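This report refers to the structure that appears directly beneath it.
The sequence lines fix the lettering, A, B, ..., with proteins before strands; numbering per chain opens at 1. Just so it is clear, the structure is predicted and the values come from calculations on it, not from any experiment.
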Amino acid sequence: MSGGGRTIRVLNVAEKPSVAKAVSGILSRNQGLRVREGRSRYNKIFEFEYTIRGQPCNMAVTSVTGHLMELEFEDRYRKWNSCDPVDLYQAVVRKLVPQDKLDIKRTLEEEARRCQWLVLWLDCDREGENIAFEVIEVCTAVNPNLNIWRARFSALIERDIHESVQNLVRPNQLFADAVDARQEIDLRIGASFTRFQTMLLKDAFVLDGSGNDVRNMVLSYGPCQFPTLGFIVERYWEIQAHEPEEFWTINCTHTSEDGTATFNWMRGHMFDYSCAVIIYEMCVQEPTATVTKVRDQQKLKQPPYPLNTIELEKRASRYFRMSSEHTMKVAEDLYQAGFISYPRTETDSFSERTDLHAIVQEQQGHPVWGSYAQQLLDPGAGLWRNPSNGGHDDKAHPPIHPTKFSAGESGWSQDHNRVYELVVRHFLACVSQPAVGAETTVEIDIAGELFSVSGRMIIARNYLDVYRFESWGGSVIPKYLFGQQFTPTTLTLDSGVTRPPPLLSEADLLTCMDKAGIGTDATMHDHIKKLLDRFYATKDANTRFSPTNLGEALVMGYDDMGYKLWKPYLRSMMECDMKAVSLGTKRKSEVLETCLQQMKACFLDARLQKVKLLEAMAIFFDRSNRSSGDEQHVGGEVVRQCAVCQESDMVLKRKPDGNFMVGCLGYPQCRNVVWLPASISEATVTTQVCNSCNPGPVFMIQFKFRQMEIPPNYNVNHLGCIGGCDETLRQLREICGTGSRSSSSIPARGHGPTASSNTTQRPSTRQGTCTHCRQTGHSSNDCPSQTLHSQSVQSRARNFQSGEPSVMCTTCGAACPLREANTTNNRGRKFYSCQSRDCNFFVWADNVNSSTGAEDMSSSRPATSNSSSGARRGSRGRGRSSGRGGGRSSRAAAGRASTTGGTFVSATGEPISGRRCFVCGDPSHFANNCPSRGAT
DNA sequence: GCAAGGTC
């Protein structure tokens, strides 16, 4: 391409006006730079002289605004009713310049006619390459002789731009192909599923929940929006399925003249009460604490990485509760006005060539953070540190940083001020030293158990001085010496319950999307907003997302079909294929063919299984009488022939409120119905026939009950008969009520107990990996990071079993309800424990019936209003004696057997003497019950 | 009236 002689005319096209301007400024060195208008008011044309490898050039630099073309179906497929949605997998598609881009197209055509070369300055990513080919298509259509070049640059800085124009390459068709494939797949999948589910569901149900005009409602499906919804629903289900689990922990405090230290048990907490109480008793018996370790350490708190789009969105959401969409709007304004750099960037590391000092210098005059900027520039202060590298680089834009000083502009809203301040403070933090703290950790040993406490003193705040959004708590603990001994001020056995994870915040959601590769930095906020616009999800004041009934029903429907269309896998697969196309290991046509073939099969199957979608919707919404008819008969499984009309079958049905019933298909002529207990979470008709009910056959139904809603002696799984012979069903109907309108007190909507019943069976709640901390070995239910202390009383109040007192506590006289252990080791085992929060009475139900010291208590007051509880206790409690191995756990079988007359009784009934409260010396209670405890 | 990706 080296030349010489005659001057040629070169058309340069950038992806956006700002790049056209920057490139022109750099190449012309602002010498002889002329600007004129194009057809589009945003896309100016810059002109100047330049020499490329000895070839004198008349440069004309203009721009597009992102994609110039759009992919669309041919006209005859555009109307929704013009074709079967499945036809959209083969329908002819074409790439066209949409109406609002025609003026840019005209500019390009006019300029291209006069040029010999076309140089493409699009962003250096796959989308940029694809836009390059759109520009090529438009330009070569009017000038087929154009010599086409691509400028590759990694940043809009002088050296890069000059280098790239002197080393022009050819555009990469493979990159553009990858995007073509992605566009076509997105369009065909999105349009087919959107039309399908909108036309199937919109008129079939009363969708008035959104309060908006239902006629214009679109139930869209998209490979990015649906997985985003999936994250929200999955977390919601996880919360619904959470079963609070009680745990115990030992806490120790020590107060001296220097203050109070609260030591944490290094075992964290235990789910096995018996083990915890044995250890606690050991500690109580020999309560002397010995300091075994005193460690002083310097700790650093690092400043954040340079700011990219996702971090900006997350931080604005966390610090200011701004939505990601609004943040980007505000950032765009600031960028347009020249105050911050380009806000859509993945890059979180600065190029070595960036003049960071110059950016700091600009901020020296700011009334609030100006003095910090001055300190940064003072070598004597030692505050400066080169920014760390976050490891991402989109090769097109630098991290977001301030580009112009402002102490606030008159036209700025509060949010403009906030975002600008965040960008500036974040930048200043990035080039600052980390905060330094001195941490002291003290470990003590009480009867072989280890406890620890940490204190922190902040020595140098450094970047924290400017980054007011982050804090680093300090805490002071008394001085301890190795080998020092003391008696704890308090030593308590405390209980708590595991808590479910919180709903996803906007920052969490962005993290999920980022990890799964859903969307790009420039579009992630759009997908989130779309979920709100489509009434699939709502956001509360804490920026936490919940699915709406509509969002949950859609995800539930596809999940029931067995398709993971709401999971990020489809997008990941497409991303892999796109990568393969761009590397040349797969051809575009090949990827398109296989992917669309699979998706078409999936679509056809989903349509065959549309009843699953309808059923899921029916859980949350009432049927509308506008439905077309063929969806009306969501049949049910046949249980028997109706004995009343003797014409139709009785089928098992789930009502919109989630409750089950067996009703006659002859309805409304025949109104025969068998209502089922409201505590059923699942019911399936089996092939087994009841041999006592007539007229037969009456097929047995496999029921699953929600454990929390049935009395403890009933099994969660039950193979039952609705023919009249089943005593268990009869009792549960009485106890729990039914789904019939007259008796139901169950919420009519899917949220609450009904929704949770649908979730306990979901795979997401059964994974071997904790969905909260991502560690294996425990579920999120017992994630150590998710526990909170001292909530046991409230949480147990929700348990059915706690409402059924059956023995009286001899320690404090309060009622002791029969409970069922929920712990990993003791699940299903019965115990009595005192209702009083301040009393520690506890005994396994097995022991109540054996000849231990606890027997007296069980006979002292047999049960309460519920007459059957005594019998239940006898029938089931005894049969479930401890089958656990020996050692510490089984020795502790009696748990906190009780104090009878100041004597502790072991599991075998032997008195344990010599124990007394180490606080006051009283033998009638332990230290955790000591009346003096409140005073410490 | 559908997607997601650019961008104003």
N/O (side chain, Y77(A)) to phosphate O (OP1/OP2, dC2(B)) under 4.0 Å: no
Backbone N/O of T347(A) and side chain of N308(A): donor-acceptor pair under 3.5 Å: no
Phosphate OP1/OP2 of dA3(B): any Q183(A) side-chain N/O under 4.0 Å: no
Rounded distance in Å - CD1 (I185(A)) to C1' (dC2(B)): 17 Å
Residue-phosphate contact under 4.0 Å: T523(A) side-chain N/O, dG5(B) OP1/OP2: yes
pi-stack flag for Y221(A) and dA3(B), centroid dist under 5.5 Å, interplanar under 30°: no
Nearest-Å distance for atom pair CZ/C1', residues F175(A) and dG6(B): 17 Å
Between dG5(B) (C1') and L68(A) (CG): distance, integer Å: 14 Å
Upstream residue (5' side of DNA chain B) when F73(A) and R182(A) are each assigned their closest nucleotide: F73(A)
dA3(B) phosphate, OP1 or OP2, under 4.0 Å from R534(A) side-chain N/O: yes
Candidates dA3(B), dA4(B), dG6(B) - which lies nearest the side chain of C224(A): dA4(B)
F339(A) six-ring centre to K404(A) NZ/CZ under 6.0 Å and within 45° of normal: yes
E74(A) side chain to V92(A) backbone, donor-acceptor under 3.5 Å: no
Candidate nucleotides dG1(B), dG5(B), dC2(B), ranked by approach to the side chain of H67(A) - the nearest: dG5(B)
Touch class at under 4.0 angstrom, heavy-atom based, for N216(A) against every strand present: nothing
Length of the CG-C1' vector between L531(A) and dA3(B), whole Å: 14 Å
5′-ward residue of the pair I104(A)/E184(A) relative to DNA chain B: E184(A)
Sugar-phosphate, base or nothing in reach of F226(A), heavy atoms under 4.0 Å: nothing
Distance test, side-chain N/O of S192(A) to OP1/OP2 of dC2(B), below 4.0 Å: no
For R94(A), salt bridge (Lys or Arg N to Asp or Glu O under 4.0 Å) partners two or more places apart: E72(A), D75(A)
Between P of dG5(B) and CE of M524(A), the distance in whole Å: 10 Å
Phosphate OP1/OP2 of dT7(B) contacted by R344(A) side-chain N/O (<4.0 Å): yes
Sugar-phosphate only, base, or nothing, as touched by L71(A) at under 4.0 Å among non-hydrogen atoms: base
Separation of atom CD in E134(A) from atom P in dG5(B), rounded to whole Å: 15 Å
Distance test, side-chain N/O of H527(A) to OP1/OP2 of dA3(B), below 4.0 Å: no
Pairing of K588(A) and E184(A) as salt bridge, 4.0 angstrom limit: no
Plane angle bin for Y335(A) and Y342(A) - parallel if under 30°, tilted between 30 and 60°, otherwise perpendicular: perpendicular
Sugar-phosphate only, base, or nothing, as touched by G128(A) at under 4.0 Å among non-hydrogen atoms: nothing
Sugar-phosphate only, base, or nothing, as touched by K329(A) at under 4.0 Å among non-hydrogen atoms: nothing
Interatomic distance, Q197(A) CD vs dC2(B) C1' [rounded to whole Å]: 10 Å
Touch class at under 4.0 angstrom, heavy-atom based, for T198(A) against every strand present: base
Side-chain N,O (K101(A)) to OP1/OP2 (dT7(B)) below 4.0 Å: no
Closest listed nucleotide, where the reference is the side chain of K202(A) and the choices are dG1(B), dA3(B), dG5(B): dG1(B)
Interatomic distance, L219(A) CG vs dG1(B) P [rounded to whole Å]: 16 Å
Distance test, side-chain N/O of T520(A) to OP1/OP2 of dG6(B), below 4.0 Å: yes
Residue list, side-chain contact (heavy atoms from CB on, under 4.5 Å) with T194(A), at least two apart or on another chain: W80(A), T198(A), V218(A), S220(A), Y221(A)
Sorted by number, the residues of residues 10-20 of chain A with heavy-atom contact under 4.0 Å to DNA chain B: E15(A), K16(A), P17(A)
Parallel, tilted or perpendicular, as decided by the 30° and 60° cut-offs, for the rings of F196(A) and F603(A): perpendicular
Test: D87(A) and R195(A) ion pair at under 4.0 Å: no
